[in-house]
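One structure is given here, and the rest of the page talks about it.
Hydrogens, waters and symmetry mates play no part in the numbers below; they use all other heavy atoms, side chains included. Position 1 is the first residue of the sequence, and the numbers go up from there. As the structure lists them, so they are numbered: ligands from 1, and atoms in each ligand from 1.
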Amino acid sequence: MDWILENGMNEPVAGTPDTWEKLKGDCAGCMNCELGRTRTNLVFGVGNEHADVMFIGEGPGEQEDLQGEPFVGPAGKLLDVMMEIIGLDRSQVYIANIVKCRPPRNRDPLPDEQSACIGWLHRQIALVDPKIFVFLGRIAAMAFIKPDFRITKEHGQWFDVDGRKSMAIYHPSALLRDPSKRPETFVDLKTLQREIKDLHA
Ligand code: URA
């Protein structure tokens, strides 16, 4: 995967080992794009900093913006249930987003906003070093798996992203809007659960 880091600050300094402390310090107060002007809080990421599984969403919504934590609104409550179905909770995984600040009216993050922000996520991934990526929805899958990713056709399939097992599933917001997609997501979650079991076999 080619990463285009357009901003100095979110690139790790060559030759210096990155740390969580350094990354959080560099990211705090980021104004690399216009979303910095309208946010209440920057939503960095949460969870186990050495998790085997990393969940990646698209960007904070209203509640996340207010609380500074990813997936704490209605979609987050459903994500908790989805994790619980396969025996996971927030203490076992790491959760982050493609963009760290809320896009106005919850619109999709623009390509420029994604490229201004993706370097932070790249540094988080390098520090977590997960074995498995789970992309929540089309936007994250398009950013990491392939630009023409089709969530309706390709959810639940395994892809290789930089040597890590990678799957996209429907975004919990999509499952709230259209509960008829939930059975397919249940199957995808069970596929993920088997893969996680195999890590420890
Ligand atoms: N949707 C996302 O993609 N991320 C969040 O943190 C919340 C809602």
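- In terms of protein heavy-atom proximity, atom 2 (C) of ligand 1 is closest to G59 O, 3.0 Å.
- With respect to the salt-bridge test (charged N to carboxylate O, under 4.0 angstrom), the residues K131 and E195 do not qualify.
- The side-chain hydrogen bond (donor to acceptor under 3.5 Å, both in side chains) search around H200 returns D52, not counting sequence neighbours.
- Counting heavy atoms under 4.0 Å from ligand 1, residue E58 touches it through both backbone and side chain.
- Inclusion of G61 in the set of residues having an N or O under 3.5 Å from an N or O of ligand 1 is not warranted.
- Distance from atom 4 (N) of ligand 1 to its nearest protein heavy atom, with residue and atom name: N97 OD1, 2.8 Å.
- Of all atoms in ligand 1, numbered sequentially from 1 with element shown, those under 4.0 Å from a heavy atom of G57 are 3 (O).
- Among protein heavy atoms, atom 1 (N) of ligand 1 sits closest to H171 NE2, 3.2 Å.
- Side-chain atoms of E184 and H155 form a donor-acceptor pair, as typed in the model, at a separation below 3.5 Å.
- The aromatic rings of F149 and F159 stand perpendicular to each other, their planes meeting at an angle above 60°, with 30° marking the opposite boundary.
- For the side chain to side chain donor-acceptor pair (under 3.5 Å) criterion with K22, the lone passing option out of D18, T19, D26 is D26.
- Under a 4.0 Å criterion applied to the non-hydrogen atoms of P70, ligand 1 contributes the atoms 6 (O).
- Using a 4.0 Å cut-off between charged side-chain N and carboxylate O, E49 and K24 make a salt bridge.
- Among the atoms of S173, none of the N or O lies under 3.5 angstrom from an N or O of ligand 1.
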